[in-house]
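Down below is the structure, laid out as C-alpha cells.
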Amino acid sequence: MRRNPMFAVNDILLILDMSEHSLMLFIRQLHHAGYVRQISGGNVFKKRCYKLLKNTGVLCPQWIGKQGKLFDPNIKEFKPRDVSVPLPVLDESTSNMKPIDPLGYAKGRIVQILDAEENGLGVLKLSERSGVSGNRFSRALSALVKEGKAEHISYAQGVPLYRKVCDDKC
C-alpha cells in the first residue's frame with residue numbers, strides 16, 4: 001500500500017497470504033481509522049480500489065486482539081475499533097506479536113533467502129530478492145556477517161557471493 005498509494009484489493013490478495021475475508025475485515029478497520037478510502041469498485045470486494053490516506057511509516061498497523069484496538073507502531077498510537085466489524089482478524093496466538101525494527105526485518109529476509117541457496121548467492125541477486133533497499137540491505141548483510149550467520153565465500157564475475165553459515169541444525 002505504501003508503494004502503490006492507490007491499490008486494488010485483488011492485487012493485494014495476490015501478494016499476501018491472507019484470506020479475502022480477513023483482508024476485508026482489516027481494510028474496514030484501516031478505513032474506520034482513516035488510513036484508507038474506497039475510490040471505486042462498488043459492492044464486490046475483490047473489485048474495489050482504495051487510496052492510502054495516511055502513511056505513517058514502514059510498519060503496518062496491527063490489530064491487538066486483547067485490547068480490541070488497531071495499533072500503529074510507527075507513531076505508537078492506538079485507534080478505536082469499528083464495532084461493526086467482527087474482529088480480531090488475527091488468531092489469538094499471533095495477536096501478541098510485537099513489531100520488529102526494519103533492520104531486523106531485513107536480516108530475517110536475507111537469512112530466509114540464503115537458507116534456500118546451498119551454494120550461495122550473489123549480492124546483487126540477494127538484494128533484489130530480499131526487496132530491502134540498498135542502505136538497509138548493506139547494513140543488514142554486514143551485521144549478519146559480524147554475527148556469524150552469513151559469510152562471504154568468493155566472487156563470481158566480480159560480484160561477491162554469500163551463504164548462510166550452518167549451525168548445529170544444518
Side-chain angles (χ1 to χ4, degrees), residues 1-19 22-23 26-27 29-30 33 35-36 50-67 69-79 88-170:
M1 292 178 199
R2 288 181 59 237
R3 201 175 280 170
N4 299 323
M6 286 196 265
F7 60 92
V9 169
N10 209 24
D11 294 340
I12 299 294
L13 285 170
L14 290 173
I15 297 168
L16 294 178
D17 184 22
M18 181 183 251
S19 72
S22 293
L23 181 61
F26 187 64
I27 287 182
Q29 289 300 332
L30 292 175
Y35 286 91
V36 297
Y50 287 86
K51 180 176 182 172
L52 181 65
L53 300 175
K54 195 186 301 184
N55 180 2
T56 58
V58 296
L59 301 173
C60 175
Q62 301 168 348
W63 176 250
I64 308 297
K66 289 185 177 181
Q67 295 181 9
K69 294 181 180 178
L70 195 65
F71 176 69
D72 188 333
N74 301 296
I75 57 176
K76 297 181 179 22
E77 189 176 291
F78 285 94
K79 302 290 180 183
V89 172
L90 301 175
D91 299 337
E92 280 300 314
S93 61
T94 59
S95 65
N96 296 329
M97 292 176 23
K98 292 189 168 67
I100 61 168
D101 67 298
L103 184 63
Y105 170 79
K107 287 167 46 177
R109 282 293 297 146
I110 292 169
V111 168
Q112 190 178 42
I113 293 164
L114 288 176
D115 249 350
E117 299 291 332
E118 291 179 18
N119 298 325
L121 194 61
V123 73
L124 299 175
K125 283 263 191 221
L126 184 57
S127 173
E128 180 184 313
R129 286 178 55 190
S130 72
V132 177
S133 65
N135 230 1
R136 187 165 292 136
F137 173 80
S138 297
R139 286 188 292 135
L141 186 58
S142 296
L144 288 171
V145 170
K146 285 179 187 172
E147 294 168 9
K149 295 180 180 176
E151 66 182 346
H152 175 259
I153 52 176
S154 66
Y155 289 91
Q157 299 175 351
V159 177
L161 295 176
Y162 287 88
R163 72 173 172 211
K164 181 182 175 197
V165 174
C166 283
D167 53 10
D168 297 336
K169 299 173 189 171
C170 289

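Just so you know, these numbers use all the heavy atoms, side chains as well, and skip hydrogens, waters and symmetry mates.
Between Tyr35 and Thr56 there is a side-chain heavy-atom pair separated by less than 4.5 Å. Proximity of Leu126 to Leu141: side-chain heavy atoms (C-beta onward) are separated by under 4.5 Å at one or more points. Counting heavy atoms from C-beta outward, Leu121 and Arg129 have side chains that approach closer than 4.5 Å. By the 4.5 Å heavy-atom criterion applied to side chains, Leu30 and Pro61 are counted as neighbours.
For the atom pair CD1 of Ile12 and CG of Asn4, the computed distance is 7.5 Å after rounding to the nearest 0.5 Å. Within the model, atoms CD of Gln62 and CG of Leu70 stand 9.0 Å from one another, a figure rounded to the nearest 0.5 Å. Within the model, atoms OH of Tyr162 and CD of Glu151 stand 10.5 Å from one another, a figure rounded to the nearest 0.5 Å.
Counting non-hydrogen atoms of other residues, nucleotides and ligands closer than 6.0 Å to NZ of Lys125 gives a total of 12 or fewer.
Between Asn74 and Val58 the shortest heavy-atom distance is OD1-N, 3.3 Å. When all heavy atoms are compared, the tightest approach of Ile153 to Gly120 is CD1-CA, 4.1 Å. Scanning both residues, Gly158 and Pro160, for their nearest heavy atoms gives O-CD, 3.8 Å. Pairing each heavy atom of Phe7 with each of Leu52, the nearest pair is CE2-N, 4.4 Å. Residues Cys60 and Phe26 approach most closely at SG-CZ, 3.7 Å, considering heavy atoms. Considering all non-hydrogen atoms of both residues, Ile110 and Ala140 come closest at CD1-CB, 3.8 Å.
For residues 138-148, the pairs satisfying salt bridge (Lys or Arg N to Asp or Glu O under 4.0 Å) are Lys107-Glu147, Glu147-Lys149, with sequence neighbours left out.
Checked by atom type and distance alone, the side chain of Ser127 never pairs as donor or acceptor with a backbone atom of Val123 at under 3.5 Å. Checked by atom type and distance alone, the side chain of Asp72 never pairs as donor or acceptor with a backbone atom of Glu77 at under 3.5 Å.
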